[in-house]
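Below is one structure, written out as structure tokens, with a few remarks after it.
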Amino acid sequence: MTYICQLISKDRARLALLQVLLISVAAGVSLAQLPRLSSDGPDVERLRAHIAYLASDKLEGRRTGSAGAKLAAEYIAREFARLGLRRTNGVDLPGMSILEADSPRRYLQGFPYVSNVELGKTNRFFLNSQRPDGSAEFMVSEDWIPLGFSSNAEIKDAEVVFAGYGISAPELKYDDYDSGVKNRVAIVFAGMPDGDSPHSQFARAAEIRFRVAAARAAGARALLIIATEANFKDDRLYRLSYDNAGEGGIPVIAISQAIAAKILETNGVSLSAYEKVADARKAAPTGPVSDGETTLANAITMASILRLSPRDRKITIATDVVRREAPSFNVVGILPGSDPKLKDEAIVIGAHYDHLGHGGEGSLAPREGEIHHGADDNASGVAGMLELARIFSAQGARPKRTIVFIAFGGEEEGLIGSNYYINHPVIPLTQTVAMINMDMIGRMKNNNLIVGGIGTAPEWRSMIESENQMQGLTINASATAGESMDNRSRPPNGAPLVVGANGRTIVSTEPGKNFVLTLNEDGFGPSDHSSFYSKQIPVLFFWTGTHEDYHKPSDTADKINYEGEAHILSLVARTVRDIDKNEKRPSYTVAKTESTGRSMGFRVYLGTIPNYADSTNGLLLDGVRDDSPAAKAGLKGGDRIVKLAGREVKNVYDYTYALGEMKAGQEYEVEALRGAEKVSLKITPAARK
């Protein structure tokens with residue numbers, strides 16, 4: 001047998017691939033024994049049908065906890081049932097007891113999720129309640145409203161202190177607070193010192209959650225935020241919503257401008273005068289400040305304003321917010337392995353099915369209310385997962401290892417579903433050898449494909465590069481030695497790599513089918529693979545990048561590149577087979593940190609991996625990066641940080657606030673709960689590079 005090799009480049013992966021092919025042919029190995037490249041591949045029409053349903057108006061954007069998300073979960077469960085996947089691995093999934101024993105919904109793994117908040121019956125707000133000549137009650141929903149994450153509490157006869165914008169940003173040398181806030185109720189404007197531009201340097205510190213953390217750190221008993229809109233009900237703070245990131249730790253209340261004026265206007269100082277001196281960086285003019293009716297005399301700084309706050313005005317507050325959970329699920333299907341030894345190990349293939357509903361939190365649309373279809377994000381990934389489940393379950397020779405297919409809920413809300421799974425796995429995480437995540441794989445252009453997590457196992461890079469070369473190979477299994485060459489035997493495109501003695505092409509290559517790969521090292525990123533990498537599981541993350549329809553209603557099914565997605569799934573399928581056929585599991589390694597495009601702006605680095613699920617009693621760590629300041633300090637996955645750098649920590653926002661105050665190279669104390677034990681450690685942050 002003779003051969004002709006035409007190489008586009010001398011890439012090592014391609015040379016290694018050719019060697020395998022040539023040795024196989026020379027040794028007389030039948031072509032049927034070579035890796036299956038295209039038979040029983042992804043079906044474009046099946047992909048189209050899955051995405052058309054998941055991204056349809058009927059499912060209303062699949063916001064976690066909604067009726068549309070429930071329909072999506074049940075659809076995926078029915079597909080798992082149709083493919084014959086197992087419901088469990090011998091034990092019930094958490095949350096399964098409420099579900100019918102024989103229903104496809106047995107594939108659902110419930111997790112806690114607050115989908116709705118309501119006002120309770122005991123919300124009260126009085127001004128000067130103990131003064132018979134000035135008592136006044138403000139009406140909830142008319143004059144004021146607690147925010148959805150406000151803690152429920154009762155505060156009696158508390159002094160009020162004006163605190164500018166309620167922002168603390170040490171990196172910008174800006175702080176609206178001083179010691180005068182402690183044990184008082186802070187009242188602040190909702191804007192920012194340099195206006196309301198989304199590009200403001202204060203944009204992150206001005207997020208409501210961080211203002212609350214700053215108020216708590218300063219010792220405030222509650223935070224009152226003055227509405228921006230003159231009509232209170234038009235203000236964005238008026239909408240009662242919850243982000244599943246835990247309570248604020250103190251009552252947090254939005255108040256109308258009219259109520260703010262009643263609280264603050266005293267001694268000839270109007271609300272507009274307060275606003276003119278709210279910026280803590282500026283001193284007031286040397287002369288009187290006139291707003292047309294009243295004056296604020298003297299040259300004053302922000303600290304002076306704090307001391308001049310109307311201490312004769314006292315308020316009594318009772319906040320009562322009711323948070324209601326809605327059924328929310330991961331969908332888990334199991335394909336048992338065929339090897340007596342390796343079947344106890346698992347490969348997880350995952351994709352999240354939730355999206356943004358009718359907009360709101362997370363949406364990039366100019367207005368709320370339109371259905372965010374989420375065809376690419378992430379009906380495309382779910383459709384791909386279902387196709388892989390069909391392909392692997394239909395093969396005569398099933399994989400050696402067990403494959404766990406998971407459609408995650410709550411990804412858009414902060415990886416809630418995958419975080420829940422890693423703490424309630426159907427197969428022990430110690431037996432989970434790899435996690436493959438697909439998120440937004442439907443908008444491929446010019447064969448560009450991004451693969452993240454390459455640095456989480458030393459085997460990944462060569463495996464992906466070799467399989468990418470296989471994308472362009474075509475094996476002609478009908479080219480037998482007894483046939484003579486004719487024009488029909490030549491590949492319509494590409495170049496022959498292996499040609500038989502009769503002149504017929506056995507193996508040809510079409511380089512145009514290969515992906516233009518972008519390989520990222522880091523195992524962390526804005527999707528569900530991060531949860532698994534935090535547990536030291538090697539991960540791979542496939543996606544085709546963002547686009548102008550990202551997180552908008554216009555992310556629709558008609559814009560999906562279905563042929564391109566099928567092309568990606570062929571690569572993913574072969575990669576899974578490569579992992580499965582090797583008895584040695586991939587070796588977990590610590591990947592190089594790479595930017596995900598979501599810089600947090602912190603000056604220091606600790607190396608902690610926070611759990612972003614709901615918390616009110618400290619920040620739970622899913623893990624810590626190896627050789628990081630956190631690891632050197634002795635922090636471990638499972639620790640719950642309750643105090644950092646002298647700041648009490650109840651949730652991720654308190655933690656982030658404390659982190660923003662820390663300096664590289666300076667030692668700080670960190671307190672954490674490790675089970676029932678409280679541990680006190682010393683941590684020295686590193687400078688963020």
Side-chain angles (χ1 to χ4, degrees), residues 59-73 94-95 98-99 108-123 140-141 145-153 207-210 212-213 216 223 236-254 319-331 352-363 368 372 408-424 528 531 610-620 622 640 649-656:
L59 270 62
E60 297 187 280
R62 312 185 305 278
R63 174 74 80 171
T64 301
S66 69
K70 181 171 177 287
L71 288 174
I98 63 171
L99 306 173
L108 306 183
Q109 178 188 47
F111 59 81
Y113 176 77
V114 175
S115 65
N116 188 41
V117 288
E118 302 170 357
L119 293 177
K121 297 180 179 179
T122 58
N123 286 288
V140 68
S141 296
I145 193 167
L147 272 62
F149 63 89
S150 171
S151 291
N152 293 333
E207 290 180 18
I208 296 298
R209 283 281 193 169
F210 290 112
V212 175
R216 284 190 60 246
L223 181 65
R236 65 184 182 88
L237 295 176
Y238 185 82
R239 182 170 59 91
L240 200 61
S241 62
Y242 187 66
D243 58 8
N244 279 273
E247 293 181 16
I250 57 175
V252 186
I253 295 170
T319 49
D320 183 10
V321 178
V322 179
R323 284 172 275 271
R324 302 195 184 280
E325 290 191 1
S328 302
F329 307 99
N330 295 323
V331 192
H352 77 91
Y353 69 89
D354 64 302
H355 196 52
L356 300 178
H358 288 262
E361 188 71 26
S363 172
E368 191 174 342
H372 286 52
F408 297 107
E411 189 270 354
E412 301 285 6
E413 315 290 342
L415 314 186
I416 296 175
S418 56
N419 251 302
Y420 186 84
Y421 177 84
I422 62 173
N423 290 295
H424 304 84
D528 292 304
S531 299
N611 182 312
Y612 290 99
D614 191 337
S615 175
T616 58
N617 59 340
L619 177 76
L620 178 65
D622 279 337
R640 187 179 294 275
V649 175
K650 288 186 175 292
N651 52 47
V652 69
Y653 294 93
D654 293 339
Y655 169 81
T656 304

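The shown structure was predicted, so the numbers you read here are calculated from the model rather than taken from an experiment.
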Discussion item. Pair Phe149, Ile208 - check side-chain contact (heavy atoms from CB on, under 4.5 Å), show working.
Written reply: CA-CA 10 Å; Phe149 63 89; Ile208 296 298; 3.6 Å; yes

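- Under 4.0 Å is where a charged nitrogen must lie from a carboxylate oxygen, and between Glu247 and Lys650 no such pair does.
- In this structure, OH on Tyr421 lies 12.5 Å from CG on Asp528, to the nearest 0.5 angstrom.
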Item to complete: Could you please spell out the steps behind the side-chain contact (heavy atoms from CB on, under 4.5 Å) verdict for Phe408 and Phe111?
Response: CA-CA 10 Å; Phe408 297 107; Phe111 59 81; over 6 Å; no

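- The pair Arg63-Glu413 counts as a salt bridge, with a side-chain nitrogen and a carboxylate oxygen less than 4.0 angstrom apart.
- Listed by chain and number, the residues in a ring pair (Phe, Tyr, Trp, His ring centres under 6.0 Å) with His355 are His551 (sequence neighbours excluded).
- Among residues two or more places apart in sequence or in another chain, the side-chain contact (heavy atoms from CB on, under 4.5 Å) test is passed with Ser115 by Tyr113, Ala326.
- The structure places OG1 of Thr64 at 9.0 Å from CG of Leu356, a figure rounded to the nearest 0.5 Å.
- A distance of 10.5 Å separates CD1 of Ile422 from NE2 of His424, quoted to the nearest 0.5 Å.
- Looking only at distances, no side-chain donor or acceptor of Asp354 sits under 3.5 Å from a matching main-chain atom of Arg62.
- Applying the side-chain contact (heavy atoms from CB on, under 4.5 Å) criterion to Ala254, with sequence neighbours excluded, gives Ile145, Leu147, Phe232, Leu237.
- Separation of atoms CZ (Arg216) and CG (Asn651) is listed at 6.5 Å; rounding is to 0.5 Å.
- Closest heavy-atom contact between Ser151 and Thr319: O-OG1, 2.9 Å.
- Interatomic distance, CG of Asn330 versus NE2 of His352, reported as 12.5 Å (0.5 Å rounding).
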Worksheet item: Step by step, would you call Val321 with Asn152 a side-chain contact (heavy atoms from CB on, under 4.5 Å)?
Response: CA-CA 6 Å; Val321 178; Asn152 293 333; 3.7 Å; yes

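- The two atoms that bring His358 and Glu60 nearest to each other are NE2-OE2, 3.2 Å, heavy atoms only.
- Gly248 and Val212 get closest at one heavy-atom pair: O-CG1, 3.6 Å.
- Ser150 and Val252 get closest at one heavy-atom pair: OG-N, 3.0 Å.
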Practice prompt. List the steps and the verdict of side-chain contact (heavy atoms from CB on, under 4.5 Å) for Leu619 and Asp654.
Written response: CA-CA 9 Å; Leu619 177 76; Asp654 293 339; over 6 Å; no

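- Residues Tyr420 and Ser531 form no side-chain contact, since every pair of their non-hydrogen atoms from C-beta on lies 4.5 Å or further apart.
- When all heavy atoms of Gly110 and Phe329 are compared, the pair lying nearest together is CA-CD2, 3.7 Å.
- When all heavy atoms are compared, the tightest approach of Tyr353 to Ala73 is OH-CB, 3.7 Å.
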